[in-house]
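Notes follow once the structure below has been shown.
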Amino acid sequence: MGTQTGIGASVKRKEDKRFIIGKGRYLDDISRPGQTYGYFIRSPHAHAKITSLDSTAALKAPGVVAVLTGPDMQADGIGPLICGWGITSKDGTPHKAPAHPALAIGRVRYVGHQVALVVAETLQQARDAAELVEIEYEELDHVIEVGDALAAGAPQIHDDVPGNLSFDWELGDRGKTDAAIGSAHHVTRMKLRNNRLIPNAMEPRAALGDYDSGTDEITLYTTSQNPHVHRLVLSAFNGVAPEHKLRVIAPDVGGGFGSKIFIYSEETVCAWATKKLNRPVKWTAERSESFLSDAHGRDHETFAEMAFDANGKILGLKVSTKANVGCYLSTFASAVPTYLYGTLLSGQYTIPAIYCEVQAGFTNTAPVDAYRGAGRPEATYVVERMIEIGAREMGIDPAEIRKRNFIAPDAYPYETPVIMTYDSGNYALAMDKALEAIDYNGFVSRKAQSQAKGKLRGIGFSAFIEACGIAPSAAVGSLGAGVGLWESAQVRFNPTGSVTVFTGSHSHGQGHETTFAQIISDQLGVPIDQVEISHGDTGKVPFGMGTYGSRSLAVGGSAIMKAIDKIVEKSKKIAAHTLEASVEDIEHAGGIFKVAGTDKQMTMAEIAFSAYVPHNYPADVEPGMDETAFYDPLNFTFPAGTHIAEVEIDPDTGTTEILDWVAVDDFGNVINPMIVEGQVHGGIAQGIGQALLENCVYDKESGQLLTGSYMDYCMPRADDLPTFRVQTINTPCTTNPLGVKGCGEAGAISAPAALMNAITNALGKEIDMPATPEKVWRAAQGL
Amino acid sequence: MPTVSMTVNGKQVTADIAPNTLLVSFLRENLRLTGTHVGCDTSQCGACVIHINGESAKSCTMLALQADGAEVTTIEGLAKGNDLHPMQKAFQENHGLQCGFCTTGMIMSAVDLVKKHGKPDDATIRKGLEGNICRCTGYQNIVKSVKAAAQEMEG
């Protein structure tokens, strides 16, 4: 196959056309005949008892169809929302995950908590009627910060969770780590705060339930990154409908970044309400609802100790973290500050002893769950801030100290003390390329130039690692996951030679419709415009675990490769029969099946046609050309790299200008470099957002969300960001057939540490994220 | 209910609407032109940008009645038949979009930006697109797209 559309080519995206002409089909663009509109009444209080709810007046209002509440759902046997990952505490007890009804029953636990759904003929009528629902609350004491929630005497958020502690988890060898710290030449000790974020995919969450009383089937359109997981959970746990009577469609989805993985209240309610009312029910979040009720991200308070010998070699790392999980455990909330966090604390380094303990506490805030990187940005922030600060304290160059600690390129597979086995990498190569790209040697003179202008210049590193390609089912099962994390693919040749691929991955910006088509084009010689990628509909795709954890290519792409193997195997039999040769003599490359040593051959298209018109056909081969494969990864993948940020601070205004950004990432093999670069850009932008601009703030006194709009929550805009200089190195992953590692989260994982290292390097003192002009100015002024 | 009339993508439309109908709702719900999106409720994100009498405007911040008599162009009306506008082409050529949700408003803003600035430099483009939030791309390829389109639009 020509390289124009194959693996390694920057093919322009096939999916773009519909988006640039306004024909994308996002959830709110879909309407069903007879549709009603839902409006959620939400708690105005952080913590309160619902003493009465009277919908009499609302039900008399024009156009109102129903007012539905938590007790109504309970009466219909709809189960509470679940957390799908079980964590075991140090003392052997399971995590505490209090019942989370989709609509509140008796008590509200955060501002924005879903209390009732008003359904009406128009959205305006539903909104107006919501004003007429009379709800009386008796306010209770609330708690916002996790440290406060876990302290003695804190308000109790759940009656069955004493001390608001969901779990107290540990990983690693405490004794060995304490010993390493006790005998070290130098110990760096730091408190680090990983600020709370709100994901803010640009398409607000939405759901449309559509019940067909003829077939007794519910179709739920929802903004999901993993529609089959939605179907499974809504069926098995919430009891909305049996799995075969529930179809979940996630159409074009406008970004996710983790926030659309979870099974939320609103979609559960819409799926239930459509059958109850026998009408389609549609809800689309206003942005302010997204701020209030999308699962938030991060929110860690950490104390870390990193022990060094006299040469800067790390001897041990001890990390104690308090993680704010909000008021309930969201779908994968428990995995994020544990197995997606503690397991990455070895970074790119040989660290003989690591110990991590995490206390997860409930607070009167929105649930916290995975947001781009999910646990791995928090781990990278700890490791990369600690090593940088250690280098400063010991007077060692920050690049040099990392090199002294890197796992050597010939040390793979490398087993860390925190249960990960890295398969491949070349960390020094990425570092060297990054140093060269940013002209590290010239930094001293650039700093002097800034100084001459009265500006403070700083440079900061982040040598990150992440565990992606999530994940080997047996491994995650042993760690508490409630599901397997394989992926499926169905590769269907049509009789005329075009191909439809049904994938369980879900694209919401990642460009799967192009990247996956490139794999088919490359391997089977099909012109790329003859390949269609179908995803996001449980009625079409066999099954799927969806898209998150930079897994789509490593796991979903590998499933496609497995299906391709089956296609090739079958095609060889058909070619052998037709060409009157033995199967062993058929050679395949790029869709051409040749009898070895002859000029006799068949194309893939000819074979596919023959499979559907099997007039001259092997007796022991089934007609048709349509193969399904399920792929369960052998290991996580380990993308890694070095990012270097260079900044200039104006001490008079506290503004930070990012002057340069170099990223050298090892994603293994790359299918589409253009798309990979785009993913890195977007990831870095979100990481810079965290470090410089974004911060979710609840008022401690009132429990109100203060950053509830784009006027208050500072999203990165075009003029906040620099031009990134991005390159890759390519050490193939050894555990999947494509040799790929995943690229979606790298930027968000790496960037915060690089930027904070640069800013604190410039300031000569520590500040926490986000480095707002006020904080930077105070630090620069010595206040 | 009052009556509103305007020209949308070259077609005359007239409808009786509730007086509090937002222009974006009129376009999306009444005319089913769903390429114009709603990404926020504070006029910040720019997903709803359209052209009114040739100038970019946030259609979430206007009543439909305020556009009475106006010439409105939405993303659906930007291409001439099957010929994409240079800005649309440039976004595809330069990977200026990922999830696509902000893209339609971004393109509409960018067209107006180039009309006003000719061949804008990076800083002008970044400043000019401040009213459009993209969460996917980090803006780098959007800037590249707008620059490329500016060449085509002038030439």
Side-chain angles (χ1 to χ4, degrees), chain A residues 10 12-13 15-26 28-31 124 199-204 252-257 284 286-288 290 507-511 674-675 677-686 688 709-711 715-724 726 747, chain B residues 18 20-21 25 28-29 32-45 47 74-79 84-85 87-104 107 122-123 125-144:
Chain A
S10 285
K12 306 300 179 202
R13 296 203 324 171
E15 48 269 79
D16 284 354
K17 175 77 184 291
R18 63 181 186 269
F19 298 127
I20 57 179
I21 65 170
K23 294 290 183 189
R25 198 160 179 254
Y26 301 94
D28 192 57
D29 305 339
I30 298 169
S31 287
Q124 191 62 52
N200 273 302
M202 290 315 298
E203 182 203 17
D252 285 330
V253 172
F257 316 111
T284 303
E286 296 173 9
R287 178 57 60 184
S288 49
S290 306
S507 188
H508 32 279
Q510 295 88 343
M674 175 194 79
I675 288 177
E677 279 186 25
Q679 290 292 309
V680 176
H681 294 166
I684 296 172
Q686 289 182 1
I688 290 174
S709 82
Y710 288 140
M711 324 263 274
M715 292 278 279
R717 295 176 190 245
D719 58 356
D720 293 316
L721 298 174
T723 299
F724 312 115
V726 172
Chain B
N20 63 353
T21 305
S25 310
R28 287 181 54 81
E29 306 294 335
R32 299 302 301 157
L33 292 170
T34 55
T36 302
H37 298 148
V38 180
C40 76
D41 41 21
T42 52
S43 302
Q44 293 284 305
C45 82
T74 70
I75 189 71
E76 289 92 343
L78 194 61
L84 295 178
H85 187 280
M87 192 63 74
Q88 292 171 309
K89 276 190 215 160
F91 268 69
Q92 175 160 38
E93 284 297 311
N94 296 285
H95 190 27
L97 64 148
Q98 291 183 22
C99 84
F101 193 80
C102 78
T103 307
T104 50
I107 287 174
D122 281 23
I125 295 169
R126 286 180 183 275
K127 185 82 188 153
L129 293 179
E130 231 194 356
N132 293 74
I133 302 177
C134 168
R135 191 54 151 170
C136 293
T137 64
Y139 303 98
Q140 187 156 327
N141 288 341
I142 291 177
V143 174
K144 202 171 152 195

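These numbers were taken from a predicted model, which means no experiment stands behind them. Letters go in sequence order (proteins before strands), and every chain restarts at 1.
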Sidechain-backbone polar pair: A/Y26 side chain, B/G100 backbone, donor-acceptor under 3.5 Å
yes
Partners passing side chain to side chain donor-acceptor pair (under 3.5 Å) against A/Q679 (at least two apart in sequence or in another chain):
B/Q98
Looking at A/R717, is its backbone amide N or carbonyl O close enough to the side chain of B/E130 to form a donor-acceptor pair, meaning the two atoms are under 3.5 Å apart?
no
side-chain contact (heavy atoms from CB on, under 4.5 Å) against B/N94, all qualifying residues, sequence neighbours excluded:
B/A90, B/K144, B/S145, B/A148
Under 4.5 Å from any heavy atom of chain B, what part of A/S709 do you find: side chain, backbone, both or neither?
side chain
From CA spacing to verdict: side chain to side chain contact (heavy atoms under 4.5 Å, CB included), B/R126, A/L721
CA-CA 9 Å; B/R126 286 180 183 275; A/L721 298 174; 4.0 Å; yes
Is it the side chain or the backbone of A/I675 that comes within 4.5 Å of chain B heavy atoms, both, or neither?
both
Kindly indicate, with the supporting measurements, whether the criterion side chain to side chain contact (heavy atoms under 4.5 Å, CB included) is fulfilled by B/L84 and A/I20.
CA-CA 9 Å; B/L84 295 178; A/I20 57 179; 3.9 Å; yes
Just so I know, are the side chains of B/R135 and A/P716 near enough to count as touching, which here means a heavy-atom distance under 4.5 Å?
yes
Heavy-atom contact with chain B under 4.5 Å, split by part of A/D252
neither
Looking at B/Y139 and A/A685, would you say the former's side chain and the latter's main chain have a donor-acceptor pair under 3.5 Å?
no
Return the option, out of B/I107, B/T42, B/L97, with the maximum number of heavy-atom pairs under 4.5 Å with chain A.
B/L97
Any side-chain heavy-atom pair from A/F257 and B/C136 closer than 4.5 angstrom?
yes
For the backbone of A/F724 and the side chain of B/Q140, can you confirm whether one donor and one acceptor N or O come within less than 3.5 Å of each other?
yes
Run the salt bridge (charged side-chain N to carboxylate O under 4.0 Å, His left out) test on B/R28 and A/D29 for me, step by step, so that the C-alpha distance in whole Å, both residues' side-chain angles and the decisive distance to 0.1 Å come before the verdict.
CA-CA 8 Å; B/R28 287 181 54 81; A/D29 305 339; 2.8 Å; yes
Within the distance-only criterion (no hydrogens, no angle test), does the side chain of B/D41 pair as donor or acceptor with the backbone N or O of A/S288 below 3.5 angstrom?
yes
Can you tell me which portion of A/M715 sits under 4.5 Å from chain B's heavy atoms? Options are side chain, backbone, both or neither.
side chain
Are more than 12 heavy atoms, taken from residues, nucleotides or ligands other than A/R25, located less than 6.0 Å from that residue's CZ atom?
no
When the 4.5 angstrom heavy-atom criterion is applied to A/V680 and chain B, the contacting part is neither
Contact class of A/T284 relative to chain B, heavy atoms under 4.5 angstrom
neither
